[in-house]
Amino acid sequence: MADLSTLGRRIRHFRTESGLTLDQVSEATGTAPSHLSLIENGRREPRLSLLESIAAALGVTAATLLDPAPPSPRAALEIELEHAQAAPAYQELGLPQLRPSRSMTDETLRTIVGLHRELDRRARQSIATPEQARQANTQQRLEMRAVDNYLPEIELLAQQATARVGHTGGALTHRTVTQMADDVGLTIVHTDDLPHSARCVVDMERGRIYIPPASIPGGHGLRSLTLQAIAHQVLEHRPPADYAAFLRQRREASYYAAACLMPRDASVAFLTEAKRDRNIAIEDLRDAFGVTHEAAALRFTNLATEHLGLTLHYLRVNGDGTVTGAYENDGLPLPLDATGSTEGEVVCRYWSARRAFERRTRTTEHYQYTDTPAGTFFESTQTGTGTPDDFSITLGVPYGESKWFRGRETQLRASSTCPDVACCRRPEDGLAERWEGKGWASPRVRSHLFAPLPHGTYPGVDDRELYEFLETHAGLEA
């Protein structure tokens with residue numbers, strides 16, 4: 001069935017083809033000309049009895065008028081333009097509706113419709129779907145695996161930045177971070193009215209970094225936030241063209257911040273001594289530089305292969321077992337979907353990353369050996385509480401490298417045959433038959449895997465809030 005716009009144009013087409021005026025059809029159907037005009041313009045839906053009367057007056061059937069095909073190529077363009085201007089993307093622009101006049105040529109109309117098609121295509125292309133996001137995450141993980149998670153160019157920039165302010169080791173102070181910001185022409189401003197979708201905002205015109213007055217739940221410390229903001233300027237980042245570029249910039253900024261918080265030379269010296277003593281522990285690295293456990297584990301992945309000759313793996317896993325971050329260059333068989341992505345997949349229930357949640361006391365690290373189809377791995381896992389779920393941070397190495405790590409004396413051992421479904425996903429013999437048709441579970445849907453990622457100048461950030469914030473604060477600080 002035709003929509004109202006198409007129906008109205010078909011009525012007008014057959015009326016003009018018959019040489020009839022609105023007044024003449026009005027007289028034949030007993031309907032006011034203004035009402036017929038609303039119908040022809042797609043603004044009023046006729047009753048079936050009136051539609052049949054109009055069809056009889058025009059010498060066609062009601063079925064002919066209800067045909068969903070536009071009555072002419074010109075009408076098809078007009079209908080497409082009308083639909084395009086009714087779309088949310090056009091409505092957001094606040095522009096007036098353009099109604100094609102009789103004097104508008106078909107060529108002009110085709111040009112305008114063509115512009116709308118291209119704008120729609122680009123808008124759709126700019127939205128990172130869950131599929132595209134997973135592919136971009138997978139590509140980034142493979143790229144970092146190829147370079148052993150080590151970026152020497154950024155290491156050098158961070159080394160130069162910390163040297164200029166005299167930071168060589170230990171915990172980086174907020175005062176020193178302020179000096180590093182000053183060094184690149186930026187001033188730190190604490191504010192509690194940041195856009196809800198932004199962790200921090202940089203006003204490049206006035207040289208200000210706006211950050212919250214306290215650390216954001218989930219481990220985003222103020223020092224790291226500020227250093228990431230500085231990194232975007234140091235690395236000369238520009239608004240990302242797509243989600244893959246956004247991920248690359250985020251990775252580089254995070255790497256720069258970590259390399260400043262835990263300088264390469266001091267970190268390598270600390271870890272080399274720990275290796276010599278056969279006492280490597282992420283908790284020690286964490287405490288030595290005053291960072292989070294997660295930051296220390298990630299920094300270890302940057303340095304372990306390049307400077308200590310160790311292959312390893314890293315996992316961040318939610319309390320429900322889903323992977324939110326992963327890296328490996330030691331052959332650990334990560335859970336993967338059909339695209340090769342591991343984010344959102346569920347790790348084996350026998351791995352340390354999940355067994356650590358079973359402990360009553362979680363203040364210390366959980367040590368474990370895990371036998372897998374790819375060999376045996378030694379793993380150290382620390383659990384934490386975040387928003388909105390508990391999580392675990394795991395750092396693991398092949399069995400042969402466990403001799404360098406604290407906790408290697410553990411007697412805990414588990415066996416995993418994943419990705420074989422018989423390992424921990426298929427019920428034991430008889431259970432499926434026993435409960436077939438007698439039990440029902442409502443699954444927990446991981447909505448972040450289905451929702452498209454926001455598109456805008458900066459993915460995930462509300463553009464209007466961002467620019468209104470900058471405008472509001474433009475003249476507040478001297």
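Treat the numbers as computed from the prediction; the structure is a model and nothing was measured.
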Minimum heavy-atom distance Glu409-Gln411, with the two atoms named: O-NE2, 3.0 Å

Donor-acceptor contact below 3.5 Å, side chain Thr162 vs main chain Gln159: yes

Within-4.5 Å side-chain heavy-atom neighbours: Ser267 and Phe289: yes

Side-chain donor-acceptor contact under 3.5 Å, Ser5 with Asp3: no

Straight-line distance of Tyr369 OH to Leu412 CG, nearest 0.5 Å: 10.5 Å

Minimal non-hydrogen separation, Thr381 against Ser352, with atom names: OG1-OG, 2.6 Å

Ile112 side chain reached by Leu81 side chain, heavy atoms, under 4.5 Å: yes

Separation of Met204 CE from Leu470 CG (nearest 0.5 Å): 9.0 Å

Asn137 and Ser341: side chain donor to acceptor below 3.5 Å: no

CA sep, side-chain torsions, deciding dist, call: Leu303, Glu155, side-chain contact (heavy atoms from CB on, under 4.5 Å): CA-CA 10 Å; Leu303 304 172; Glu155 292 282 357; 3.9 Å; yes

Donor-acceptor contact present, side-chain Arg141 to main-chain Gly325, <3.5 Å: no

Stacked cation flag Arg145 on Tyr327, 6.0 angstrom / 45 deg: no

Where Pro333 and Trp351 come nearest, the two heavy atoms and their spacing: O-CH2, 3.3 Å

Among Cys418, Ser415, Cys423, the one residue meeting side chain to side chain contact (heavy atoms under 4.5 Å, CB included) with Tyr350: Cys423

Option from Ile282, Ile280, Asn279 for which side chain to side chain contact (heavy atoms under 4.5 Å, CB included) with Phe405 holds: Ile280

Min side-chain heavy-atom separation Met144-Leu151 under 4.5 Å: yes

Electrostatic pair Glu365-Arg406, nearest N-O below 4.0 angstrom: no

Phe378 and Tyr399 aromatic centres sub-6.0 Å: no

Separation between OG1 of Thr342 and CG of Leu315, rounded to the nearest 0.5 Å: 7.0 Å

Exceeds 12 heavy-atom contacts within 6.0 angstrom, atom CZ of Arg175: no

Sidechain-backbone polar pair: Arg355 side chain, Arg349 backbone, donor-acceptor under 3.5 Å: no

Side chain to side chain donor-acceptor pair (under 3.5 Å) assessment of His116 paired with Glu118: CA-CA 5 Å; His116 277 282; Glu118 179 61 17; over 6 Å; no

Charged N-O contact under 4.0 Å between Glu471 and Arg206: no

Close side-chain approach of Thr324 and Val317, heavy atoms under 4.5 Å: no

Donor-acceptor pair, side chain of Arg223 and main chain of Leu172, under 3.5 angstrom: yes

Full working for ring-ring contact (aromatic ring centres under 6.0 Å, His included) between Phe300 and Tyr314: CA-CA 9 Å; Phe300 186 76; Tyr314 161 89; over 10 Å; no

Check: Gln85 side chain, Tyr90 main-chain N or O, donor-acceptor pair, under 3.5 Å: no

Side-chain heavy atoms of Thr301 within contact of Leu395, under 4.5 Å: yes

Validation row: Cys348, Thr372 side chains within 4.5 angstrom (heavy atoms): no

Closest contact, heavy atoms only, Tyr255 versus Asn149: CE1-O, 3.5 Å

Side-chain (Ser392) to main-chain (Gln382) donor-acceptor, under 3.5 angstrom: no

His232: which of Glu252, His237, Arg250 passes side chain to side chain contact (heavy atoms under 4.5 Å, CB included): His237

Side-chain donor/acceptor of Asp337 to backbone N/O of Gly340, under 3.5 Å: yes

Evaluation steps, side chain to side chain donor-acceptor pair (under 3.5 Å), between Thr322 and Asp320: CA-CA 6 Å; Thr322 56; Asp320 61 359; 2.8 Å; yes

Check against side-chain contact (heavy atoms from CB on, under 4.5 Å), Phe469 and Leu194: CA-CA 7 Å; Phe469 171 85; Leu194 282 168; 3.9 Å; yes

Distance-only polar pair, side chains of Asn329 and His313, donor-acceptor under 3.5 Å: no

Nearest atoms (heavy-atom pairs only) where Arg359 meets Thr364: NH2-O, 2.7 Å

Glu143/Arg248 ion pair, N-O < 4.0 Å: no

Any Lys275 side-chain heavy atom under 4.5 Å of Glu401 side chain: no

Validation row: Thr191, Pro213 side chains within 4.5 angstrom (heavy atoms): no

Polar side-chain atom of Arg199 near backbone of Ile211 as donor-acceptor pair, under 3.5 Å: no

Where at least one partner belongs to residues 148-171, residue pairs that pass ring-ring contact (aromatic ring centres under 6.0 Å, His included), sequence neighbours excluded: Tyr150-His307

Closest heavy-atom pair and its distance - Asp330, Glu328: N-OE1, 3.3 Å

Modelled atom types, side-chain donor and acceptor of Thr370 and Glu379, under 3.5 Å: yes

